Engineer: 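Sending over a structure as structure tokens; questions will come in a sec.
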There are 2 protein chains.
Amino acid sequence: MDTAPHGSKAAWETREQILRAALKHFANAGYAATSVQRIVGDARVSKPALYYHFRDKAGLFDALVNQAHDGRFQVVREAAARGRGIREKLVEILTALFGYFHHNRELTRIAFSTAYAAPGEVPPGLCHFDKCRRNMEFFHSLMQDAQAAGELDNRFESRDLAYGFYGLTNFYLTAHLLIPHYRLDRKAARRLADLFLAGAAAKKSVKGRKP
Amino acid sequence: MDTAPHGSKAAWETREQILRAALKHFANAGYAATSVQRIVGDARVSKPALYYHFRDKAGLFDALVNQAHDGRFQVVREAAARGRGIREKLVEILTALFGYFHHNRELTRIAFSTAYAAPGEVPPGLCHFDKCRRNMEFFHSLMQDAQAAGELDNRFESRDLAYGFYGLTNFYLTAHLLIPHYRLDRKAARRLADLFLAGAAAKKSVKGRKP
DNA sequence: CATTTTACCTACCGTTCGGTAGGTTTATGG
DNA sequence: CCATAAACCTACCGAACGGTAGGTAAAATG
């Protein structure tokens, strides 16, 4: 999709500069509303420099989107591996996602807006759908394992569990884009995992986990 | 924002035709990637006809976005009024939203993609943020009332409850855009409401509501 | 030292963009 | 029957779009 520089250090830096500027503008204005002129203007390079390093505008965008999805997926997998038991896993995942999001806000914004965008807004051939499903399937298998281990209620379908938690996760991340004062830290992660696990309904007589 | 026709029946039909075509293209390609040329071409009217009925491209888009948000909000409010008790209310809301979505797929897609879009992708001055918050606040007050009535666990913050349910709702709607074979009907609404209320964790010894 | 490849440059291409100037037809009220 | 407004039309504008042709300085390679 994009041609990497073959060795020169200056070339590598040019490429990074283009990527940085592109990330900023794509995150702020989306794909269609961002022009390559603005990118090269902000990166202080010429237009053919961009077209030397990347096949076209879509290829440049693709590189960023893949980076975003792959980074997020890796973070989730590593976090899940750290926790023992479903509750710890969910807390670790949420905490890690909140941290990743905080330090890669623009990448995350690109990932979300492309996932929810109209199909024709994003360049054709971009397979963000597969990336989303890979993420989803991981959550799905997580829930299935936890059901098999007796940690989760077997009367729910594992798909509903995966969707429910994935939706909760995504919503808090996207909400944080609009409402930045809502703190997303480990404490919030614990609250949300507990809400998901214990349910919102008032408990009649229960000595269960504290919310 | 847009000038309504003053009485002519043909004029009203022209306006509707423009709105129909615009809805189709904005939903399929987003705001920036949709050109007014394509809209007027599809609506079989001339460009000045569009600019006679609407101030500009942004005004046309604004009309559609407002229609989408207002329709959704009204549906949610009416559904909530139909249910007695928080569980019935949530089931009614989910069912009504699924139905509204099914019959207004393109409007809903516009509402979602603009809500999650990059700020610069959508025309400036579009106050979709207020529309989202109005929706959110309604859910928030719903949860607060249910907590006050002892139906929901007081140990959770009402904001977390509202966000959690809102996130679950939104995720299922957006997921349905990508995975249409996942049926969204009243049965699904009941499952999701129960998941939200009862929680995902396995019950040790509980004669609570059936999931 | 000659040659090839890398890593760009200036200048420009054809197309499409959102939007409008200015004229024309159609319904309406006096 | 004439005037006025509504409801469009054809034709066009300047600007910006994504992308490229053709040339070049510097570095790697023989």
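Throughout, a chain's letter reflects where its sequence line sits, starting with A, and its residues are numbered from 1. Computed from a predicted model, the values in this text were never measured in an experiment.
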Engineer: Do the side-chain N or O atoms of A/Y52 get closer than 4.0 angstrom to the phosphate oxygens (OP1, OP2) of C/dA7?
Structural biologist: yes

Engineer: Between the base of C/dG19 and the side chain of B/K57, is there any donor-acceptor pair under 3.5 Å?
Structural biologist: no

Engineer: Expressed in angstrom and rounded to an integer, what is the separation of A/K47 atom NZ from C/dT10 atom P?
Structural biologist: 13 Å

Engineer: So, does B/H53 get its side chain near the phosphate of D/dC8, meaning an N or O under 4.0 Å from OP1 or OP2?
Structural biologist: yes

Engineer: Tell me whether the count of non-hydrogen atoms from other residues, nucleotides or ligands lying under 6.0 Å of CZ in A/R159 goes above 12.
Structural biologist: no

Engineer: Show, in sequence, the C-alpha distance, side-chain angles and deciding distance for A/K187 and A/D185, and conclude whether the salt bridge (charged side-chain N to carboxylate O under 4.0 Å, His left out) test is met.
Structural biologist: CA-CA 5 Å; A/K187 223 167 77 177; A/D185 49 14; 6.0 Å; no

Engineer: A/I18 CD1 to D/dG18 C1': how many Å, rounded?
Structural biologist: 15 Å

Engineer: Between C/dG19 and B/Y51, is there an OP1 or OP2 to side-chain N/O distance shorter than 4.0 Å?
Structural biologist: yes

Engineer: Whole-Å distance between C/dT20 C1' and B/R55 CZ?
Structural biologist: 15 Å

Engineer: Across the strands shown, which category fits B/S46 at heavy-atom distances under 4.0 angstrom: base, sugar-phosphate, nothing?
Structural biologist: base

Engineer: Distance check: side-chain N/O of B/Q37 vs OP1/OP2 of C/dC17, anything under 4.0 Å?
Structural biologist: yes

Engineer: Should B/S35 be listed as having a side-chain N or O under 4.0 Å from OP1 or OP2 of C/dC17?
Structural biologist: yes

Engineer: Flag the pair A/R134 and A/D70 as a salt bridge only when some basic side-chain nitrogen lies within less than 4.0 angstrom of an acidic carboxylate oxygen.
Structural biologist: yes

Engineer: For B/E106, is there any backbone N or O sitting under 3.5 Å from a side-chain donor or acceptor partner on B/K24?
Structural biologist: no

Engineer: Less than 4.0 angstrom between a side-chain N/O of B/T14 and OP1 or OP2 of D/dC8, yes or no?
Structural biologist: yes

Engineer: Starting from C1' on D/dA16, measure out to CZ on A/R38 and report it in whole angstrom.
Structural biologist: 10 Å

